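Presented below is the structure to which this report refers.
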There are 2 protein chains.
Amino acid sequence: MDIITRTEELILLTVWRLRDNAYGITIRKHLKDAAGLDYSIGGIYVPLDRLVRKGLLTSYQGNPTPQRGGMSKRFYKLTPDGIDALERIRTLNTIMWDNLPEPSF
Amino acid sequence: MDIITRTEELILLTVWRLRDNAYGITIRKHLKDAAGLDYSIGGIYVPLDRLVRKGLLTSYQGNPTPQRGGMSKRFYKLTPDGIDALERIRTLNTIMWDNLPEPSF
DNA sequence: TATTATTTATTCTATAAATTAGAAAAAACT
DNA sequence: AGTTTTTTCTAATTTATAGAATAAATAATA
């Protein structure tokens, strides 16, 4: 019963969606643009590190590009365990959200 | 941009589902039975307190029932803010999970 | 062409908040 | 008194939050 946190879920899903362009800055930007979520810098990199440590993501150093500047990008990819973790969340969501009774205030 | 945690979501949804029978023990039991999630005692009561403090739940003392024993139950109910918080999560889930590309390992 | 400025990006670290675990206390019935 | 059901309380661990510091590359300027 290992259940990932909300932040971990959102980051894993973003890595999934960004495919070969998932690194700190684009992940943060996607969460802002797509979902309106304002994460601080640490709010992205701290969980990214943790997800790699836990084996749900792998990371690899990007090559320098003919763009302005910056440290070389660290790209992320889902591992099979990362996909599994997301699948468990999806199942959990289905169980918890389906067939709710009428709300009773 | 106030986004509830996974535990908060699960507890709010359980209170919703249990209607007039939502108190610490039944909430814990439902999470175990329906979703296989093993929360410790504190894992339920600590966030319940917080959700009341935040105004997403209200609580009221139950009357003694002709059952064996125990402190009198504290029942919980969703507030409108609690419902709103869940709706925001639902929207977020839709945004994040819909139309994911093929997974690219 | 050096030198400085600007841009893009990560690393690092401290504080706050949430989770986890379970012992202790409370209250009722047997 | 003993047993059962339930909550209260609190300490330790893990996550989240925030942003300064650092790094590395190009662009601008003297």
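All values below were derived from every heavy atom in this structure, side-chain atoms included, with hydrogens, water molecules and symmetry-related copies excluded. Note that this is a predicted model, so its numbers are computed, not measured. Here is the naming used below: chain letters follow the sequence lines, and residue numbers restart at 1 for every chain.
To the nearest angstrom, P of dT8(D) lies 12 Å from CD1 of I27(B). Counting to the nearest Å, the P atom of dA16(D) and the CD atom of E9(A) are 12 Å from each other. Remark: C1' of dA28(C) and CD1 of I25(B) are 15 Å apart, rounded to the nearest angstrom. Rounded to an integer number of Å, the gap from NZ of K73(B) to P of dA28(C) is 12 Å. Atom C1' of nucleotide dT11(C) and atom CG of D49(A) are separated by 9 Å, given to the nearest angstrom. When rounded to the nearest whole Å, the span between CG of D2(B) and P of dA16(D) equals 15 Å. What separates CE of M71(B) from P of dA23(C) is a distance of 18 Å, to the nearest Å. Counting to the nearest Å, the C1' atom of dT15(D) and the CD1 atom of I4(A) are 13 Å from each other.
Residue R74(A) places at least one side-chain N or O under 4.0 Å from the OP1 or OP2 atom of dT11(C).
For the side-chain contact (heavy atoms from CB on, under 4.5 Å) criterion with D81(A), the lone passing option out of D84(A), L78(A), I83(A) is D84(A).
A pairwise comparison of heavy atoms in R17(B) and L100(A) identifies NH2-CD2, 3.6 Å as the closest pair. The minimum heavy-atom distance between L12(B) and G82(B), with the atom names listed, is CD1-O, 4.1 Å. Closest non-hydrogen pair, E8(B) versus R50(B), comes out as OE2-NE, 2.8 Å.
R28(A) pairs by the salt bridge (charged side-chain N to carboxylate O under 4.0 Å, His left out) definition with nothing, not counting sequence neighbours.
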Where do N or O atoms of nucleotides 18-22 of chain C meet protein N or O atoms at under 3.5 Å, pair by pair?
unit_1  : atom_1 : unit_2 : atom_2 : d
dA18(C) : OP1    : K54(B) : NZ     : 3.2
dT19(C) : OP1    : T5(B)  : OG1    : 2.8
dT19(C) : OP1    : T7(B)  : OG1    : 3.1
dT19(C) : OP2    : R50(B) : NH2    : 2.2
dA21(C) : N7     : S40(B) : OG     : 2.9
dG22(C) : O6     : G42(B) : N      : 2.9

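Within the 4.5 Å cutoff, no side-chain heavy atoms of T58(A) are placed close to those of V52(A).
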